[in-house]
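First comes the structure, then the notes that go with it.
Side chains included, hydrogens not; waters and symmetry mates left out as well; all remaining heavy atoms used.
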Amino acid sequence: MEKFSQIVYKRPDIQELSQKIREFTEEFPKAKDYSQARDLFLALEKAQIDLDTMNTVADIRNTIDTADPFYEQEMEFYEKAIPQIQVEMKEVSQVILQSPFVQDFEKEFGNIYIKNLKNQIRFASEENVANRVEENRLTRQYAKASAVCTTTFHGEEVNFYGLLKYMESKDRSVRREAFNAWANLYASVAGELDNIYDQLVRVRVKMAGVLGFKDYIEMAYHYNGRFDYGREEVANFRRQIVEHIVPVCQKLYDQQRRRLGIDHLYYYDEALVFPEGNAVPEGNSHELVAKAKKMYGELSKETGEFFDFMVENQLFDLETKPGKRQGGYCTFLSKYKAPFIFSNFNGTSADVDVLTHEAGHAFEAYSASRIFPLTEQVWSTAEISEIHSMSMEYFTHPWMELFFGEKADQYRYAHLVSSLCCIPYMACVDEFQHRVFEEMADNAAQRRKIWRELEKKYMPWRAYDGNEFLESGGFWMQKQHIFLFPFYYIDYALAQMGAFEFYGRMKQDPEKAWEGYYKFCCAGGSKGYFDLLKVGGLSNPFDDHTVERVMDLISEDLRLNG
C-alpha cells in the first residue's frame, strides 16, 4: 500500500453503491449454488470496503485537525449517507437470511455473523435515519468543542492533554496549579458540553423508542453486540469491583500518600507515583517509535512484521497539537488491511502506553485481517478487543528498559497499579450511564449529583481540594466515551480481567502465554464473547469468584505489604 499521507481521498458515489445494493437483492435469490451466492456477496462486500475506507481516511484526517473545513464537510456527508446506506443494507441481510444458503454462510463465517445480520436488521430503521444524523452531528460537535480548548500554562499553549503532564510534576504547587487550570478549562466549556449531552440523551432515548426497546440501555447493549449478557450481569461485576478491588486501591493510594510525604492525597497527587518523579520515556516521538520497532522485532516474528508494516506506511499520528481531537484510538483501513494509530503524546509514560495498548489493537486487526475475508470478522466486540490491547501492555514489559532506562521497574510497578486503580473509575462511568438513562437525567444538576454520589462509592479516596466545579460533580464530562461511545467503558474493566490472566501466565511461561495470546488474536471477531474467552482460555468475569481469583494473580506484584 502507499503511505497514509499519500492515500488519495475521493468521496464515494453513494448512488452507485445504492445501485449495487439493489442489483444484489435482485440477483442473489437467483443464485444456483453457494459458490455463485458467495461471489455476489463478496462483490458487494468489496464495494462496502471502498466506502468504509474513504470514510475512515476522512475521519482520521478530521480528528487530526478538527478545524480543517474540507474534512469537516466530508464528515457531514458521511453523517447523512451512512445511516441511509445502513437502511438499504437491511434488505441485503434479509435476503441472505431467507436464502437456502444461510447455513453455508454460517458455516463459513460463523454463528456470530448470522447473529449480527439479525441485529443489523433490527437497527436499520428508516424512521431513525434523522435521529442517527442528529446523534452524529452532536458527537462531532462535542469532539470539536473539546479539541479547540487551550490555555497558556507556564508560557506554553496547551490543551487538556498538555496540562496532564504538569500534573505529574514533582513540585506539588505546579501540580495544583495545572489541576486548577485543567478544571477551569472544563468549567469554561461545561455549559456547552452539558447542552450537547442534554440533546444526546434525548435523541438516544428517541431512537430506542422508535426501535421498540424497553429503554436506551437495552438498545445500547444490543447495538454493542452484547448477546451473551445483560445489565444484571454487569451490575454483579460492578459489585465484585466494590468488594474486591476498591479496598485494595484505597490501600495503594494510602501507600502512595505516605511515599509522597503528604497528609492528604488530592486528585492532583494521584498521578505522581514516586516522590522523585514518575518514569518518563526517553526520546521524542520518532525515537520512541524506533525503540518500539526494536521491541516488536524481538518480541516475535509476527509482531516484527506487523510493526515494520506500520512504520513503512506511516500509519501513526502521535503528537498533540491545537485543533487535534483528544484521546487516542486505533482504527482500520479495510481496503489496505492496515491499522492506523492516533494519539496525543504529552511526554509522560502514557506515550509508551499508546505504543503498547493501541498497538495491541492494531496487531490483532493486522493478524485477523490476513485470515478472514470479511472486515466484520476482523474486530470483535469491545470486551474482547480490549483484552488484545491491555495484554500487549504486559507482553512488552520486558522491553521497558528501552524506554525508561533505570526507571523501568518503576514504570512496570506504576503501570500495574494504575491498570488496577482505573477499574473502579470504569465501573463508576458505567453505573453513571445506567443511572442517567434510568432516571432520565437530561439536565446538568441532576447528572452532577449522580456522579458525585457514585464517586464516593467507587473512589472514596478522591478529593478535589475544594475545586467548586469538580466538588459539585463536574468530573464526569471529561470522559469522552460517555458522549461518543455510550456504554462502552465497562468493557475495559471486563477486559482487564483477561489481561491480568495473561499477565499471570506470562510470569510462569512467557512462550506458552504468547502462543495462547497470538491464537486469541487470530480468532478476531469470528465468534461470540464467551466462545472467544474459551479460545483464549480465559475466565468468565461475571462468575462470582473471577475478580477475587484474578486479584490473587497480581497481589504479590502490587507490594501491598511494602
Side-chain angles (χ1 to χ4, degrees), residues 56 58-68 71-72 75 135-153 156-168 178-197 200 267-268 270-271 285 316-331 340-355 357-359 361 382 386 389 418 422 425-426 428-429 432-433 451 469-470 474-486 488-489 491-492:
T56 303
D59 189 37
I60 292 169
R61 291 175 179 168
N62 174 246
T63 55
I64 288 172
D65 183 3
T66 60
D68 183 324
Y71 284 109
E72 183 174 14
M75 292 314 296
E135 183 188 36
N136 290 337
R137 183 189 70 80
L138 289 166
T139 55
R140 189 166 49 83
Q141 188 179 336
Y142 161 77
K144 187 172 184 180
S146 56
V148 298
C149 281
T150 59
T151 188
T152 301
F153 190 83
E156 179 185 3
E157 185 181 3
V158 290
N159 59 9
F160 291 112
Y161 272 74
L163 285 165
L164 291 179
K165 69 179 177 183
Y166 289 104
M167 287 165 67
E168 293 188 19
F179 157 74
N180 283 318
W182 180 86
N184 291 340
L185 207 51
Y186 268 109
S188 70
V189 291
E192 183 178 1
L193 300 188
D194 272 321
N195 181 50
I196 291 170
Y197 196 62
L200 279 170
Y267 176 67
Y268 51 76
E270 290 182 18
S285 63
F316 306 93
D317 192 280
L318 303 174
E319 293 88 357
T320 188
K321 49 201 168 218
K324 188 174 181 180
R325 198 186 91 179
Q326 293 190 80
Y329 63 74
C330 173
T331 189
F340 186 94
I341 293 175
F342 170 100
S343 185
N344 281 271
F345 273 16
N346 62 4
T348 71
S349 62
D351 298 349
V352 174
D353 296 340
V354 166
L355 292 173
H357 180 98
E358 300 301 345
H361 285 307
E386 296 303 339
S389 57
S418 66
C422 279
Y425 173 60
M426 294 165 184
C428 187
V429 168
F432 171 76
Q433 292 181 91
W451 179 261
F469 173 66
L470 298 177
F475 190 85
W476 74 269
M477 64 175 54
Q478 67 91 42
K479 181 40 61 189
Q480 63 175 343
H481 290 70
I482 296 173
F483 291 84
L484 304 179
F485 314 110
Y488 173 8
Y489 206 58
D491 310 72
Y492 290 102

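Thr151 is listed as a side-chain neighbour of Val158, based on a closest heavy-atom distance under 4.5 Å. At least one side-chain heavy atom of Asn62 sits less than 4.5 Å from a side-chain heavy atom of Glu72. Side-chain contact check for Tyr186 versus Leu470: every heavy-atom pair is 4.5 Å or farther apart. Looking at heavy atoms from C-beta onward, Tyr267 lies in side-chain contact with Met167 at the 4.5 angstrom threshold. Looking only at side-chain heavy atoms (C-beta outward), Ile60 and Thr331 come within less than 4.5 Å of each other. You'll find the side chain of Phe483 stays beyond 4.5 Å of the side chain of Thr139, heavy atoms only.
A search for side-chain hydrogen bond (donor to acceptor under 3.5 Å, both in side chains) contacts involving Glu192 returns nothing, not counting sequence neighbours. Partners of Tyr268 by ring-ring contact (aromatic ring centres under 6.0 Å, His included), not counting sequence neighbours, listed by chain and number: Phe179, Tyr266. Not counting sequence neighbours, the partners of Asn344 by the side-chain hydrogen bond (donor to acceptor under 3.5 Å, both in side chains) test are Thr320. In this structure, the side-chain hydrogen bond (donor to acceptor under 3.5 Å, both in side chains) partners of Gln141, at least two apart in sequence or on a different chain, are Arg137. Taking the side-chain hydrogen bond (donor to acceptor under 3.5 Å, both in side chains) definition, one finds that Tyr425 meets it with Gln478, sequence neighbours left out.
For Ala382 against Asp491, the heavy-atom pair with the smallest separation is CB-OD2, 3.4 Å.
Sequence neighbours left out, the pairs with a member in residues 321-330 that pass side-chain hydrogen bond (donor to acceptor under 3.5 Å, both in side chains) are Thr63-Tyr329, Ser146-Gln326, Asp317-Lys321, Asp317-Lys324.
When each of Leu193, Ile482, Leu200 is paired with Tyr142, the side chain to side chain contact (heavy atoms under 4.5 Å, CB included) condition holds for Leu193 and for no other.
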